[in-house]
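Heads up, the thing below is written out as structure tokens.
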Amino acid sequence: RFELGAGVSSSGVVVSSGMTLVVSAGTVSNTVVSSGGALELLSGGVADPTVILSGGSEIISAGGTDLGALVSGGRQFDGGYASGVTVSSGGLQAVEQGGTAIGTIVKSGGTEFLYSGGVLSHVTIASGGTLELVGGTSIPAGATLSSGAILALGSGATLTSNTIGRGLTVDALSAGT
């Protein structure tokens, strides 16, 4: 476990298996998180940008920021602020309570989870990508769901007064309506 504190910046770090990089009021750029590695952004911590590979994870806590991440098979858990994220095949972005994500693009094979209390704005779900709504959420403002996209309704999610576009698949999972 390594911690980057206030006023400290670092570039080009590879966070590998068994390693956790904690950024608290510091800045990391061009960071790669590989399998078994983890990047944690605490309040004031900034990553710009990050590549999260398969088996790697990034946790954005309240007050943490990630700009322009590529989630390439890995996992991003957003309880802070994420902007301009691209989620490719096998990747996942989860916008959790208190988290905000703006301008996420989910490509084929990628998955976006939106939980109650999270804010997801202007997300684009491409053909073959999945948006799953959980816990009292609904389709977010400004969302674009392309033909061939998958909309999954998880526990507590609702779909009301929405127009379902041609080619969109809707899956009602456990307790979704």
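Throughout, numbering of the chain's residues begins at 1 and tracks the sequence.
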Handout entry: Residues Val13, Val28; criterion side-chain contact (heavy atoms from CB on, under 4.5 Å); working and verdict
Key = CA-CA 8 Å; Val13 173; Val28 290; 5.6 Å; no

Which atom pairs, one a donor and one an acceptor, fall under 3.5 Å between side chains of residues 113-129 and the rest of the protein, sequence neighbours left out?
from, atom 1, to, atom 2, distance (Å)
Ser116, OG, Gly135, O, 3.2
Ser127, OG, Ser147, O, 3.4

Exercise for the section: Quick one: which residue pairs count as a side chain to side chain donor-acceptor pair (under 3.5 Å) with a foot in residues 95-112, not counting sequence neighbours? Expected result: Gln93-Thr104

Problem - Spacing of Leu145 atom CG and Leu131 atom CG [to the nearest 0.5 Å] - result: 6.0 Å

Practice task
Return the minimal non-hydrogen interatomic distance between Thr130 and Ala152, and the atom names on each side.
Solution key: CG2-CB, 4.5 Å

Practice task
Please go through Tyr81's hydrophobic cluster and name the other residues, only I, L, V, M, F, W, Y counting, with side-chain heavy atoms under 4.5 Å joining them.
Solution key: Leu67, Ile102

Completion exercise
Here the pair of heavy atoms bringing Gly64 nearest to Ile60 is O-CG2, 3.3 Å

Handout entry: Spatial distance of atom CD1 (Ile105) from atom OG (Ser88) [nearest 0.5 Å]
Key = 11.5 Å

Problem - same_hphob_cluster(Val8, Val14) at 4.5 Å side-chain heavy-atom cutoff - result: no

Handout entry: Joint hydrophobic cluster, Leu4 plus Phe2, side-chain heavy atoms closer than 4.5 Å
Key = yes

Problem - Close side-chain approach of Leu21 and Ser10, heavy atoms under 4.5 Å - result: no

Practice task
Provide the closest heavy-atom pair for Val23 versus Thr27 in the form atom of the first, atom of the second, distance.
Solution key: CG1-N, 4.1 Å

Practice task
For residues 12-25, pull every pair meeting side chain to side chain donor-acceptor pair (under 3.5 Å), keeping only residues two or more places apart or in separate chains.
Solution key: none

Only distances under 3.5 Å count here; give the side-chain donor-acceptor pairs of residues 33-59 to other protein atoms, sequence neighbours excluded, each with its distance to 0.1 Å.
from, atom 1, to, atom 2, distance (Å)
Ser34, OG, Val15, O, 3.2
Thr50, OG1, Asp66, OD2, 3.0
Glu58, OE1, Gln76, NE2, 2.7

Practice task
Check whether Leu92 and Val134 end up in the same hydrophobic cluster, where Ile, Leu, Val, Met, Phe, Trp and Tyr are linked by side-chain heavy atoms less than 4.5 Å apart.
Solution key: yes

Practice task
Kindly give the heavy-atom pair with the smallest separation between Ser138 and Leu133, and that separation in Å.
Solution key: C-CD1, 3.6 Å

Exercise for the section: With sequence neighbours left out, write down each residue that passes side chain to side chain contact (heavy atoms under 4.5 Å, CB included) with Ser29, or none if nothing qualifies. Expected result: Ser11

